[in-house]
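Take a look at the structure set out below.
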Amino acid sequence: MFGLSPMEASALTLSLNASALAVLWSLPLAVGLGWLLGSRRFPGHALLNAVVHLPLVLPPVVLGYLLLVVFGRRGPVGSALEAWFGIRIAFSGAAVVIACAVVGFPLMVRAIRQSAEAIDPRYARAARSLGASELRIFLTVTLPLMAPGILTGITLAFARAVGEFGATITLAGNIPGRTQTLPLALFTVTQSPGGDAEAMRLCLLSLTLAGAALLASEAISRRVQPGRALA
């Protein structure tokens, strides 16, 4: 793959696939929570907002340990999945996706919430006065207006997921070809004698992906305007 070594290609593919799946699975919940936190005020609003953004301030290893407690073989979710369906989450490809989803989720919710907060409530009131249902208002008015925030949130969450290390190594381990993402591969080669050249290649690859994601996020925030979303 473009001159990459087998380890580099495997780590890159796993990182991209896990990050994409993490964003895909968490997007519906992120849209719902972002809209709820941005457009509604209710008892417990501040608490819910704090819980959603907690992964941003927790040390990644602490976050990974908490996920291991929940999804490990003795955890409430992990033990139930293994007993009922024979599914083991910890130290599997699914664990990589879960870790990526959890660390990227707050960034996605934050961007969507900011878009929801910027929506003029008069749009919804006008649609409601014309007889539109709440569901139709959300789908045809609110959702298009939140589009810039949704796209920005997707890009930022994807970039954060690609660079995730601490939670992934704690919940999924560092298994080559199975759970070894780009950051974990970089960690592995830095622990090996004579791995400086390969470490630099992985570092440059990670920088390229992160830079591309940030540039894409900036381009989206500049070019996708609420007015265009409604057009």
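FYI, the numbering just counts along the sequence from 1.
Using a 4.5 Å heavy-atom threshold, the side chains of Leu27 and Met108 count as touching. A heavy-atom distance below 4.5 Å is not found between the side chains of Leu171 and Phe91. Put simply, the side chain of Val69 reaches to within 4.5 Å of the side chain of Tyr65, judged on heavy atoms. At least one side-chain heavy atom of His45 sits under 4.5 Å from a side-chain heavy atom of Leu37. Under the 4.5 Å side-chain criterion, counting only non-hydrogen atoms from C-beta, Leu66 is in contact with Leu58. A heavy-atom distance below 4.5 Å is found between the side chains of Phe138 and Val31. Proximity of Phe158 to Leu16: side-chain heavy atoms (C-beta onward) are separated by under 4.5 Å at one or more points. The shortest side-chain heavy-atom distance between Ser5 and Glu198 falls under the 4.5 Å cut-off.
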Residue pair Phe42, Leu48: steps toward the side chain to side chain contact (heavy atoms under 4.5 Å, CB included) verdict: CA-CA 10 Å; Phe42 50 87; Leu48 177 60; 3.9 Å; yes
Run the side chain to side chain contact (heavy atoms under 4.5 Å, CB included) test on Met7 and Val189 for me, step by step, so that the C-alpha distance in whole Å, both residues' side-chain angles and the decisive distance to 0.1 Å come before the verdict. CA-CA 10 Å; Met7 184 190 73; Val189 298; 3.4 Å; yes
Test side chain to side chain contact (heavy atoms under 4.5 Å, CB included) on Leu54 and Leu63 and set out the steps. CA-CA 9 Å; Leu54 193 60; Leu63 183 61; over 6 Å; no
May I have the step-by-step check of side chain to side chain contact (heavy atoms under 4.5 Å, CB included) for Thr13 and Asn17, ending in yes or no? CA-CA 6 Å; Thr13 301; Asn17 288 343; 3.4 Å; yes
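Counting heavy atoms of neighbouring residues, nucleotides and ligands inside a 6.0 Å radius, atom CZ of Arg41 exceeds 12 of them. Summarising the local packing, CZ of Arg128 is surrounded by more than 12 heavy atoms from other residues, nucleotides or ligands at distances under 6.0 Å.
Among all heavy-atom pairs drawn from Ile119 and Met146, the shortest one is CD1-CG, 3.6 Å. Leu186 approaches Cys203 most closely through the heavy-atom pair CD1-N, 4.3 Å. The two residues Ser15 and Ser19 make their nearest non-hydrogen contact at O-OG, 2.7 Å. Taking every heavy atom of both residues into account, Gly173 and Leu184 meet most closely at O-CD1, 3.4 Å. Residues Val51 and Pro55 come closest through the heavy atom pair O-CD, 3.8 Å. Closest non-hydrogen pair, Ala161 versus Val103, comes out as CA-CG2, 4.5 Å.
Looking at Ser10 and Gln180, their side chains never bring a donor and an acceptor atom within 3.5 Å of each other.
When hydrophobic clusters are built by joining Ile, Leu, Val, Met, Phe, Trp and Tyr residues whose side-chain heavy atoms come closer than 4.5 Å, directly or via intermediates, Val70 is grouped together with Val62. Placement of Leu139 and Ile112 within a single hydrophobic cluster is found when ILVMFWY residues are connected by side-chain heavy-atom separations under 4.5 Å, directly or transitively. Ile169 and Leu67 are not part of a single hydrophobic cluster, where members link through side-chain heavy atoms under 4.5 Å apart. Residues Leu107 and Val96 are members of separate hydrophobic clusters, defined by side-chain heavy-atom contacts under 4.5 angstrom among Ile, Leu, Val, Met, Phe, Trp and Tyr. Leu182 and Val23 fall within the same hydrophobic cluster, where Ile, Leu, Val, Met, Phe, Trp and Tyr residues are linked whenever their side-chain heavy atoms come under 4.5 Å apart, directly or through other members.
The CG atom of Leu81 sits 8.0 Å away from atom CZ of Phe71, with the distance rounded to the nearest 0.5 Å. Taken to the nearest 0.5 Å, the CG atom of Leu205 stands 13.0 Å off from the CE atom of Met200. The structure places CZ of Arg136 at 9.5 Å from CG of Leu130, a figure rounded to the nearest 0.5 Å. Rounded to the nearest 0.5 Å, atoms OG (Ser79) and CD1 (Ile89) are 11.5 Å apart. Within the model, atoms CZ of Phe187 and CG of Leu202 stand 13.5 Å from one another, a figure rounded to the nearest 0.5 Å.
Formation of a donor-acceptor pair under 3.5 Å by the Ser115 side chain with backbone atoms of Gly149 is found in this model. Not a single donor-acceptor pair under 3.5 Å links the side chain of Gln114 to the backbone N or O of Ala116. A distance-only check finds no donor-acceptor pair linking the side chain of Glu82 to the backbone of Phe85 [under 3.5 Å]. Using modelled atom types, no side-chain atom of Thr179 and backbone atom of Ser92 make a donor-acceptor pair closer than 3.5 Å. Between the Glu8 side chain and the Leu12 main chain, no donor and acceptor come within less than 3.5 Å of each other.
With respect to Val109, the side-chain contact (heavy atoms from CB on, under 4.5 Å) criterion is satisfied by exactly one of Asn49, Leu29, Val52: Val52.
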